[in-house]
Amino acid sequence: MKILVINGPNLNMLGIREPGIYGEKSYAALVQFIEDVCEKRHVDVECYQSNHEGNIVDRIQAAYGNTDGIVINPAAYTHTSVAILDALKAVSIPAVEVHLSDVSQREAFRHVSYAGMACEKTYAGYGFDGYRLAIEYLTDKYGK
Ligand code: DQA
């Protein structure tokens with residue numbers, strides 16, 4: 001099984017950006033965490049991060065035909081990007097949304113998720129563990 005993990009803008013600043021909300025661990029630590037989860041589950045994983053909406057759309061499109069599941073934290077684009085929603089719908093790859101923070105308990109503008117409309121599940125507020133839950137969901141349901 002092949003999973004693509006996509007992280008959106010400013011998640012490369014993990015550990016530096018608002019540590020009270022997003023934690024003190026770096027993006028490199030997140031990638032290591034995800035790779036460890038996937039190794040235990042014998043899942044082939046690629047972690048992709050971009051600060052650019054179009055690059056995220058391009059990466060989703062490039063997954064068509066070669067990826068079994070997508071885990072996506074679109075970060076701020078969650079709340080604005082119809083283009084990322086449409087890309088997820090276009091490729092029809094099972095997708096799960098993750099947020100480090102509990103967006104439902106934050107500002108009202110974070111309560112809307114466009115990408116989430118194309119995702120089977122959302123894990124928000126579990127920190128790094130949300131990525132593990134998303135990977136476990138996808139491998140339990142689609143693993144082979
Ligand atoms: C985030 C929540 C978003 O509202 C925010 O813009 C982010 C990170 C999270 O992981 O909690 O950049 O997606």
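What you see is a predicted model; the values in this text were computed from it and never measured. Every number for a ligand or one of its atoms is a count from 1 in the order of the listing.
When only non-hydrogen protein atoms are considered, atom 5 (C) of ligand 1 lies nearest to R110 NH1, 3.3 Å. Remark: minimum distance from atom 9 (C) of ligand 1 to any protein heavy atom is reached at L100 N, 3.4 Å. Of the protein's non-hydrogen atoms, the one nearest atom 2 (C) of ligand 1 is V103 CG1, 3.6 Å. Looking at atom 11 (O) of ligand 1, its nearest protein heavy atom turns out to be S101 OG, 2.6 Å.
Here is the list of ligand 1 atoms found below 4.0 Å of a heavy atom in R17: 7 (C), 8 (C), 12 (O). For ligand 1, the atoms closer than 4.0 angstrom to any heavy atom of Y22 are 5 (C), 7 (C), 8 (C), 9 (C), 11 (O).
Residue H99 holds the heavy atom nearest to atom 13 (O) of ligand 1 of all those in E107, E97, H99. The closest non-hydrogen atom to atom 4 (O) of ligand 1, taken over E18, R106, H79, comes from H79.
Of the polar atoms of A76, at least one N or O is found under 3.5 Å from an N or O of ligand 1, judged by distance alone.
The two residues L138 and I70 have their closest heavy-atom pair at CD1-O, 3.8 Å. Nearest heavy atoms, V103 versus A124: CG2-CB, 4.2 Å.
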message = Quick one, L14 with E24, criterion side-chain contact (heavy atoms from CB on, under 4.5 Å). Give me CA distance, side-chain angles, the key distance, then yes/no.
response = CA-CA 7 Å; L14 281 180; E24 298 197 339; over 6 Å; no

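Counting only residues at least two apart or in different chains, side chain to side chain donor-acceptor pair (under 3.5 Å) contacts with residues 78-97 comprise E53-S81, E97-H99, E97-S113, E97-T122.
Each of N73, V37, V96 was compared with Y131 under the side chain to side chain contact (heavy atoms under 4.5 Å, CB included) criterion, and only N73 meets it.
Within the 4.5 Å cutoff, no side-chain heavy atoms of D129 are placed close to those of Y123. Looking at I6 and L4, their side chains come closer than 4.5 Å, going by heavy atoms from C-beta outward.
A heavy-atom separation below 4.0 Å is found between N73 and ligand 1.
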